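Below, chain A is the first sequence line, B the second, and so on; all start at residue 1. As the structure is a prediction and not an experimental result, all values here were calculated from the model.
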There are 2 protein chains.
Amino acid sequence: MSVLKEFNRVLKEKGYKFTSQRQHVFEVVVENDGEHLNSQEIYELVRKKYPEIGVATVYRTLALLEEMKLIYGVDFEDGFRRYEIVKDDKEHRHHHLICLECGSIKEGENDLLGTIEEEILRKDKFKVTNHKVKFYGYCDKCLKIMEKNNKTHT
Amino acid sequence: MSVLKEFNRVLKEKGYKFTSQRQHVFEVVVENDGEHLNSQEIYELVRKKYPEIGVATVYRTLALLEEMKLIYGVDFEDGFRRYEIVKDDKEHRHHHLICLECGSIKEGENDLLGTIEEEILRKDKFKVTNHKVKFYGYCDKCLKIMEKNNKTHT
DNA sequence: ACTCATATAGGAATATCTCCTAAATATTCG
DNA sequence: CGAATATTTAGGAGATATTCCTATATGAGT
Ligand SMILES: [Mn+2]
Ligand SMILES: [Mn+2]
Ligand SMILES: [Zn+2]
Ligand SMILES: [Zn+2]
């Protein structure tokens, strides 16, 4: 797996040691792509393969991985810090479509904001290097249900 | 002040009682527009005018005001929940430009994402009603300093 | 003013996350 | 390989933001 090699390479590069704890935490985030696991969930999953790991190590490692730009922190305002793997474009994140009805979280494309960022540079003289974008609204499924209910009511 | 009348009206409408605690909390958020105060800061400011208020009441009230869509919660991932007043367009929020160098937070315009939301509706069949957008990068001031340093080094 | 549902104060409880320290371990070098 | 050493870890204590609990207080309708 080339992701793991990259992981090892970046560790070396920054002078950090390769430990099985770090590898397991990273692997759990990689294996659960799209899940947006929180720290505790990651801790539980790592424990299945590496029961002796401590919770502080998981927190430390997640912070380290984030600093190394191998994972991203996401915040869905539910009291947990959540994480996802960094893919392809390391600089620009994908956005999330959060349904206010069913709570589903869908991932969007990551290159929608290019023109807006140019506009921000021109207008605000602010050089954007990354963004965190959440769209709230109604997903396809819920929209259809709401439409149907509307028809029934009239 | 028409904001306070609106506040009173929405309270009545939803069957909530008008209390001086609620008024003071709301006023503090209104008076500190652009500041993004956290719950504790709001608590301290309210105490200056209303010393007997309890911290739980402030938290309860902030949640209530958010539910009433009179204030918005913002998250700058510093461990505090922060709040800002809702202005003009109740449905669409402004975005924030966060400088990675000096930590400054500048507010952006709130109508940049219209075309993107149309695209999301077409592509993802997701009806956007609101968004939370943070841009990370470098502010005008820091960009200039960085440019100058670059020149010095070469 | 009386009634009563709602709201509050204050402190206890919860929960996420961080800090501390002795022991363990990865890496380097001979 | 084995020793030296700086880093990392486990586990528990600690920190701190937020919520819960309950007796008391209060707003609003009559
Ligand atoms: Mn995601
Ligand atoms: Mn703002
Ligand atoms: Zn939905
Ligand atoms: Zn700056």
Using 30° and 60° as the class boundaries, would you call the ring planes of A:Phe7 and A:Phe26 parallel, tilted or perpendicular? parallel
In whole angstroms, the gap separating P of C:dT16 from CZ of B:Phe80 amounts to 18 Å
Considering residues at least two apart in sequence or located in another chain, which fulfil the side chain to side chain contact (heavy atoms under 4.5 Å, CB included) criterion with B:Lys141? B:Cys139
Using atom CD of A:Glu41 as one end and atom C1' of C:dA15 as the other, report the distance to the nearest whole Å. 15 Å
Ignoring hydrogens and geometry beyond distance, is a side-chain donor-acceptor pair present between B:Glu109 and B:His95 at under 3.5 Å? no
Is the distance between the ring centroids of A:His96 and A:Phe135 under 6.0 Å? no
When you list every nucleotide of DNA chain D with an atom under 4.0 Å from a heavy atom of chain B, which one comes first 5' to 3', and which comes last? D:dA17 to D:dA28
Mind grabbing the angle between the end helix axes of the helix from C:dA1-D:dT30 to C:dG30-D:dC1? Five pairs an end, 10° rounding. 40°
What's the CG-P distance between A:Leu11 and C:dA26, to the nearest Å? 13 Å
For the pair made of OH in A:Tyr59 and P in C:dA15, what is the distance, rounded to whole Å? 13 Å
Students often get this wrong, so: under 4.0 angstrom with heavy atoms, is B:Phe18 touching a base, only sugar-phosphate, or nothing? sugar-phosphate
When the distance from CZ of B:Arg81 to C1' of C:dT16 is rounded to whole Å, what number comes out? 16 Å
Tabulate below the donor-acceptor pairs under 3.5 Å that side-chain atoms of residues 118-127 of chain A make, not counting sequence neighbours, or state none.
unit_1   : atom_1 : unit_2   : atom_2 : d
A:Glu119 : OE2    : A:Lys123 : NZ     : 3.3

Using a cut-off of under 3.5 Å, enumerate the N/O to N/O pairs linking the protein to nucleotides 5-12 of chain C.
unit_1 : atom_1 : unit_2  : atom_2 : d
C:dA5  : N3     : B:Lys17 : NZ     : 3.2
C:dT6  : O4'    : B:Lys17 : NZ     : 3.2
C:dA7  : OP1    : B:Arg22 : NH1    : 3.1
C:dA7  : OP1    : B:Arg22 : NH2    : 3.2
C:dT8  : OP1    : B:Thr19 : OG1    : 3.0
C:dT8  : O3'    : B:Gln21 : NE2    : 2.9
C:dA9  : OP1    : B:Gln21 : NE2    : 3.3
C:dA9  : OP1    : B:Glu52 : O      : 3.1
C:dA9  : OP2    : B:Gly54 : N      : 3.0
C:dA9  : OP2    : B:Thr57 : OG1    : 2.3

Who passes side chain to side chain contact (heavy atoms under 4.5 Å, CB included) against A:Lys144, sequence neighbours left out? A:Asp140
Step through the shown structure and confirm whether more than 12 heavy atoms of other residues, nucleotides or ligands are within 6.0 Å of NZ on A:Lys14. yes
Hey, are A:Tyr72 and A:Asn130 close enough side-chain-wise for a donor-acceptor pair under 3.5 Å? yes
By nearest-heavy-atom nucleotide on DNA chain D, the more 5' of B:Gln40 and B:Ser20 is B:Gln40
What I'd like to find out is whether the side chain of A:Asn8 reaches to under 4.5 Å of the side chain of A:Gln23, using heavy atoms alone. no
Pair B:His36-B:Glu41, side-chain donor/acceptor within less than 3.5 Å: no
Give a yes-or-no answer on whether the side chains of B:Glu117 and B:His131 include a donor-acceptor pair shorter than 3.5 Å. yes
